[in-house]
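Nothing here was measured: the structure is a model prediction, and the numbers come from that model. We use all heavy atoms of the structure for the numbers below, so side chains are in, but hydrogens, waters and symmetry mates are not.
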Amino acid sequence: MISDLDNVGIGSFACAFGDLENKPENIPDFDDLWQTVSFGTDFTEMGCTTYRKMSGPVQDYVVDAVRRTLRDSGAGAADIDHLVIATSDPALALLPSDFAERVLIALGLDDCVPHLMSYQRCCSSLTALRHSRDLFADPDVTHVVMVALDFVPVDRDRILPYAVFGDAAVSCMLTRNDPGLVRMSGSAIKVDPEGLRGRDTFASRKTVADRALAAVLRDGGRELGQVTKVFAANLHKPLTMFNASAVGLSPDRLHFAETLSAYGHCGNADWMINLVDYHDRVGIRSGQTYLAQSLAPGFYACALLEGTAS
């Protein structure tokens, strides 16, 4: 028996940011590091004022976010069938081998199956969201928690091309027969072979973005003009706006500047952080279409989300 996946609501988002706030320019040799990896780009135009750093064990932040998601949703630990965690490739290598066990035990998730999504860099969480939704093909599944996690222990390693990385864990609840805040109506991820080889260009990045956007719009039965707001990745502001324009996304539809300023680029958690921030500032509207988007060298991922909250 295959259940109808259209009745799976996504809501109860919770953000757990690193508890220590710092400024990028306080990182030793920041100017030289930035110029080396970002090829002469003016950092002051990026839009990142501060970033957050985790001072404790990373599982504590995941546990905090999930606890708040459970509390907001009204679900108990015994209700959760699956826990899906997404993280980018560098963070994956830093997780302890018993990371899932630590999280499950701390939360009392005694009958919950853990999953891990990675190897798609900062796009991993959008694949994790689709996987979480698809778990409801099992008619016995009623609740799935999805977590996007990224962190960088060494400050110098936060400085990467056109990005300053911050630490965050963000969770949400997927529930059967519950409207939640949004539902997923389309999903796509495409690969840029040149990006995988470190030879990506504007043309190759545009090509992969065009392919992914065409696929997600086809999957969701929507047109680009129907998208109310885009929850973008928190990368260098002028570059992000230029890349959006190149694929037909109006820069004024992007929501990312405020969280970029406060938290930097939190890897594959960005789109979730920006959704939460937009909902707090403006409100997700029922019937409106939103686009969650992420990109990384070699990948472009996106999901169409339809507002369901009354």
Side-chain angles (χ1 to χ4, degrees), residues 34 36-41 46 84-95 115-134 148-150 152 157-165 184 186-220 222-224 227 230-249 251 254 256 265-272 274 291-305:
W34 176 259
T36 298
V37 298
S38 295
F39 313 108
T41 303
M46 179 175 173
V84 180
I85 298 175
T87 194
S88 59
D89 311 18
L92 174 61
L94 300 170
L95 294 177
H115 305 244
L116 175 67
M117 290 289 169
S118 191
Y119 289 146
Q120 295 169 18
R121 300 186 183 180
C122 294
C123 297
S124 298
S125 61
L126 285 168
T127 294
L129 184 69
R130 181 177 60 193
H131 176 68
S132 299
R133 193 276 310 266
D134 290 350
L149 165 69
D150 260 306
V152 181
D157 295 339
R158 297 181 184 279
I159 315 305
L160 292 173
Y162 308 107
V164 175
F165 274 70
M184 188 170 70
S187 175
I189 182 167
K190 299 296 181 181
V191 175
D192 172 13
E194 292 302 298
L196 295 180
R197 294 171 172 81
R199 301 197 301 257
D200 53 315
T201 62
F202 169 75
S204 72
R205 291 191 295 270
K206 182 180 185 308
T207 297
V208 71
D210 284 337
R211 291 173 57 225
L213 287 169
V216 78
L217 293 169
R218 183 170 59 249
D219 188 31
R222 300 288 193 279
E223 296 180 358
L224 200 57
V227 173
V230 179
F231 306 126
N234 290 355
L235 301 171
H236 190 269
K237 186 175 179 180
L239 182 64
T240 298
M241 297 175 71
F242 175 79
N243 286 340
S245 297
V247 295
L249 294 171
L254 305 186
F256 76 106
H265 175 43
C266 297
N268 81 144
D270 275 357
W271 71 266
M272 297 178 74
N274 291 331
L291 179 72
Q293 168 260 338
S294 187
L295 66 160
F299 300 96
Y300 190 102
C302 44
L304 283 176
L305 305 172

(message) Parallel, tilted or perpendicular, judged at 30° and 60°: which one describes the rings of Y162 and W34?
(response)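 Judged by the thresholds at 30° and 60°, the geometry between Y162 and W34 is perpendicular.
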(message) For a side chain to side chain contact (heavy atoms under 4.5 Å, CB included) check, start with the C-alpha distance between M272 and F231, then their side-chain angles and the critical distance, and finish with the verdict.
(response) CA-CA 8 Å; M272 297 178 74; F231 306 126; over 6 Å; no
Flag, side chain of [X] to backbone of [Y], donor-acceptor distance under 3.5 Å:
X: N234; Y: D270; value: no
X: S294; Y: A301; value: no
X: R222; Y: V227; value: no

Side chains of [X] and [Y]: does their closest heavy-atom pair fall under 4.5 Å?
X: L305; Y: L129; value: yes
X: L291; Y: L213; value: yes
X: F299; Y: I189; value: yes

(message) I need the full list of salt bridge (charged side-chain N to carboxylate O under 4.0 Å, His left out) pairs touching residues 201-213, with sequence neighbours left out, sorted by first then second residue.
(response)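 Found D200-R205, K206-D210.
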Looking at every heavy atom in both [X] and [Y], which two are closest together, and how far apart are they?
X: L95; Y: T87; value: CD1-CG2, 4.2 Å
X: A188; Y: A212; value: CB-O, 3.6 Å
X: M117; Y: T127; value: SD-CG2, 4.1 Å
X: A303; Y: M184; value: CB-SD, 4.2 Å
X: C122; Y: G267; value: SG-CA, 3.6 Å
X: A128; Y: V84; value: CB-CG1, 3.9 Å

Can you list, pair by pair, the side-chain donor-acceptor contacts under 3.5 Å of residues 239-246, counting residues two or more places apart and other chains?
{"residue": "T240", "atom": "OG1", "partner": "L235", "partner atom": "O", "Å": "3.3"}
{"residue": "T240", "atom": "OG1", "partner": "H236", "partner atom": "O", "Å": "3.0"}
{"residue": "N243", "atom": "ND2", "partner": "L239", "partner atom": "O", "Å": "3.4"}
{"residue": "S245", "atom": "OG", "partner": "M241", "partner atom": "O", "Å": "3.1"}

(message) Checking L196 against V191 for the side chain to side chain contact (heavy atoms under 4.5 Å, CB included) test, could you report, in this order, the C-alpha distance in whole Å, the side-chain angles of both residues, the deciding distance, and whether it holds?
(response) CA-CA 8 Å; L196 295 180; V191 175; 3.6 Å; yes
(message) Regarding N268 and S124, do their side chains bring together a donor and an acceptor under 3.5 Å, going by distance alone?
(response)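 The answer is no; no qualifying pair exists.
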(message) Once ring pair (Phe, Tyr, Trp, His ring centres under 6.0 Å) is applied, do any residues pair with H265, and if so which ones, sequence neighbours excluded?
(response)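 Counting only residues at least two positions away or on another chain, H265 forms a ring pair (Phe, Tyr, Trp, His ring centres under 6.0 Å) with F165.
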